[in-house]
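Take this structure, written in structure tokens, and hold onto it; I'll ask about it next.
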Amino acid sequence: MVTIVIIFLLGEIVTGSAPTAVETLLPDFPVETIQIPVNHDYVVHGWLARGINGHGAILLVHSMRSNRLEMLGRARFLNSQGYHVLMIDLQAHGETPGDRITFGARESVDVAAAVDYLRNTFPHDRIAAIGATLGAAAIVLADPPLRLDAMILESLHPTFAEAVTNRLKLHLGDAGGYLHLLLLPYFSFLLDLQVDQLNPVDRIGNLAIPVLFISGTLDRHTTQSEAKRLYDAAQSPKELWVIEGAGHYNMHSFAGKSYEIRIADFLSTYLQR
């Protein structure tokens, strides 16, 4: 009985929405508030910072239980480089409505709508996307594949089962890892989808898009060996940057100038004509 209660609580906590009144916290550089319709069902909320036409446009996609504010540092840096930058709140996050977090399934629809928005708004620009954890999964899981010229994936898990198991072990010890045998079917029930549809490693090989994977040596949510499996499964051109001492979240905050130099170099290679 105790185990059933734990599974129920974990399912509700992990998949529960994470709304935030983001618009009350304006960034310290010029942005436009935008709303992108998704299948006539709801709108994705975001900020657009305009750069130099023809220089490139970049979509920034936040991590799980976060919102577009997480990407402000990256946006400020990239906009200063001349890029148009779009930050969005994924469904069930920030100001974008949604009942449950779906680990990239429904979120991928938001990302696709945002990429279409950039394509329509800046038709002469090449487009890249940067995603962290959930945001990275949403980029990879989009079906059909996103029309991108480059992508940067930070702290991305190869399979949903490994992501769940690693977190259970991290918070509940080795015994917690066995709970995934019960928790995964419950997630499938809550989300009304098969969890094997949530495995980025099964999709990454179908994407003919230049990709930079970023991982941290101290990341216990997604291990280096898991990041390497994703890298091995991806098509070329591809890069894997393992940051010494970094954990699972906000590689930009951790690596600072090194992050900006590496990202600027990668993006200029594939976005500049």
Side-chain angles (χ1 to χ4, degrees), residues 17-38 42-53 55-98 101 104 106-122 125-140 142 146-156 212 214 249-254 259-260 263-264 266-267 271:
S17 62
T20 309
V22 180
E23 203 60 49
T24 61
L25 302 171
L26 292 176
D28 57 358
F29 66 108
V31 297
E32 302 170 24
T33 298
I34 63 165
Q35 297 183 8
I36 304 170
V38 178
Y42 61 94
V43 295
V44 168
H45 291 251
W47 285 322
L48 174 66
R50 293 181 182 268
I52 301 170
N53 287 333
H55 193 73
I58 302 170
L59 172 64
L60 300 178
V61 197
H62 61 78
S63 63
M64 187 163 170
R65 307 200 72 79
S66 185
N67 55 60
R68 71 190 108 136
L69 290 172
E70 176 190 350
M71 311 307 284
L72 272 178
R74 294 171 180 83
R76 189 182 300 108
F77 143 65
L78 292 166
N79 191 238
S80 73
Q81 300 283 308
Y83 294 108
H84 304 296
V85 181
L86 173 60
M87 298 160 276
I88 62 170
D89 293 337
L90 294 170
Q91 68 95 35
H93 292 80
E95 293 180 327
T96 300
I101 298 168
R106 297 174 194 156
E107 293 83 359
S108 67
V109 179
D110 304 337
V111 172
V115 171
D116 286 345
Y117 172 87
L118 287 174
R119 286 282 175 203
N120 293 329
T121 306
F122 307 109
D125 285 78
R126 295 182 177 180
I127 297 176
I130 301 176
T133 69
L134 173 63
I139 291 168
V140 175
L146 301 175
R147 294 187 300 150
L148 294 171
D149 298 289
M151 58 184 177
I152 298 172
L153 307 174
E154 303 181 16
S155 307
L156 177 63
L212 168 61
I214 304 179
Y249 295 106
N250 212 325
M251 298 299 185
H252 181 221
S253 293
F254 181 86
Y259 178 99
E260 295 180 358
I263 270 52
F266 180 81
L267 292 174
L271 297 191

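Heavy atoms only: backbone and side chains are in, while hydrogens, waters and symmetry mates are out.
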Item to check | Closest approach of Ile34 to Trp47 (non-hydrogen atoms, all atoms of both residues) | outcome: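 Reported closest heavy-atom pair: CG1-N, 4.3 Å.
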Next on the checklist: Please give me the minimum heavy-atom distance between Leu72 and Pro27, naming the atom from each residue.
Outcome noted: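 So the minimum-distance heavy-atom pair works out to CD2-CB, 3.4 Å.
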Next on the checklist: Exactly one of Val44, Val31, Ile36, Ile127 should register a side-chain contact (heavy atoms from CB on, under 4.5 Å) with Leu86. Which one does?
Outcome noted: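 Checked Val44, Val31, Ile36, Ile127 against Leu86; only one passes side-chain contact (heavy atoms from CB on, under 4.5 Å): Ile36.
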Next on the checklist: I'd like to check Val38 versus Thr96 (side-chain heavy atoms, cut-off strictly below 4.5 Å). Are they in contact?
Outcome noted: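 Counting from C-beta outward, Val38 and Thr96 never come under 4.5 Å.
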Checklist entry - Would you say Ile58 and Met71 make side-chain contact, with heavy atoms under 4.5 Å? => result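 No; the side chains remain at least 4.5 Å from each other.
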Checklist entry - Quick one: do the Asn250 and Tyr259 side chains pair a donor with an acceptor below 3.5 Å? => result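 Not at all, the side chains of Asn250 and Tyr259 share no donor-acceptor pair under 3.5 Å.
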Checklist entry - Partners of Asn79 by side chain to side chain donor-acceptor pair (under 3.5 Å), sequence neighbours excluded? => result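 With sequence neighbours excluded, Asn79 shows a side chain to side chain donor-acceptor pair (under 3.5 Å) to no residue whatsoever.
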Checklist entry - So, the side chain of His45 versus the backbone of Gln35: is there a donor-acceptor pair under 3.5 Å, distance only? => result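 No, because the side chain of His45 does not come within donor-acceptor range (under 3.5 Å) of the backbone of Gln35.
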Next on the checklist: Using side-chain heavy atoms (C-beta onward) and a distance below 4.5 Å, is Val115 in contact with Ile139?
Outcome noted: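 The answer is no, as the side chains (C-beta and beyond) never meet within the 4.5 Å cut-off.
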Next on the checklist: Quick one: does any side-chain atom of Ser63 pair with a main-chain N or O of Thr133 as donor and acceptor, under 3.5 Å?
Outcome noted: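 Checked: no pair found.
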Item to check | Any donor-acceptor N/O pair, Glu95 side chain to Val22 backbone, under 3.5 Å | outcome: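 Yes; judged by distance alone, with no hydrogens or angles, the pair exists.
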Checklist entry - Which residues satisfy the side-chain contact (heavy atoms from CB on, under 4.5 Å) test with Ala75, sequence neighbours excluded? => result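 For Ala75, the residues satisfying side-chain contact (heavy atoms from CB on, under 4.5 Å) (neighbours in sequence not counted) are Phe29, Leu60, Val85, Met87.
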Checklist entry - Gln81 side chain to Ala264 main-chain N or O, any donor-acceptor pair under 3.5 Å? => result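 Pair absent, no side-chain N/O of Gln81 close to backbone of Ala264.
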Checklist entry - What's the shortest heavy-atom distance between Gly98 and Ser17, and which atoms? => result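 So the two residues come closest at O-CB, 3.5 Å.
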Checklist entry - When you measure from the side chain of His93 to the backbone N and O of Gln91, does any donor-acceptor pair fall under 3.5 Å? => result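 Yes, the answer is positive, given that a donor and an acceptor are paired below the 3.5 Å cut-off.
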Item to check | Distance-minimising heavy-atom pair for Ala57 and Leu271 | outcome: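 For Ala57 versus Leu271, the nearest heavy atoms are O-CD1, 4.3 Å.
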Item to check | Side-chain heavy-atom pair Leu48, Phe122 within 4.5 angstrom cut-off | outcome: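 With C-beta onward as the side chain, the pair touches.
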Item to check | Check: Asp89 side chain, Arg68 main-chain N or O, donor-acceptor pair, under 3.5 Å | outcome: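 Between the backbone of Arg68 and the side chain of Asp89 there is a qualifying donor-acceptor contact (under 3.5 Å).
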Item to check | For the student: nearest non-hydrogen atoms of Ala129 and Leu148, plus distance | outcome: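 Closest pair (atom of Ala129, atom of Leu148, distance): CB-CD1, 3.8 Å.
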Item to check | Contact summary for Val43 and Pro37, nearest pair of heavy atoms | outcome: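 Minimum heavy-atom contact is CG1-CA, 3.9 Å.
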Checklist entry - Taking atom CE of Met251 and atom CZ of Arg74, what is their separation to the nearest 0.5 Å? => result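 Atom-to-atom, Met251:CE and Arg74:CZ are 9.0 Å apart.
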Checklist entry - Under a 4.5 Å cut-off applied to non-hydrogen side-chain atoms, are Ile263 and Leu78 in contact? => result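 With C-beta onward as the side chain, the pair touches.
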Checklist entry - Just how far is it from atom CD1 of Ile88 to atom CG of Asn67, taken to the nearest 0.5 Å? => result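 That separation rounds to 11.5 Å.
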Next on the checklist: Taking side-chain contact (heavy atoms from CB on, under 4.5 Å) as the definition, give me every residue that meets it alongside Arg147, ordered by chain and number, with sequence neighbours left out.
Outcome noted: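 Result, side-chain contact (heavy atoms from CB on, under 4.5 Å) vs Arg147: Asp116, Arg119.
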Checklist entry - After noting the C-alpha distance and the side-chain angles of Leu90 and Ile101, does the key distance pass the side chain to side chain contact (heavy atoms under 4.5 Å, CB included) rule? => result CA-CA 9 Å; Leu90 294 170; Ile101 298 168; over 6 Å; no
Next on the checklist: Please report the interatomic distance CD(Glu107) to NE2(His62), rounded to the nearest 0.5 Å.
Outcome noted: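 Atom-to-atom, Glu107:CD and His62:NE2 are 8.5 Å apart.
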Checklist entry - Do the non-hydrogen side-chain atoms of His84 and His55 ever get within less than 4.5 Å of each other? => result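 Not in contact.
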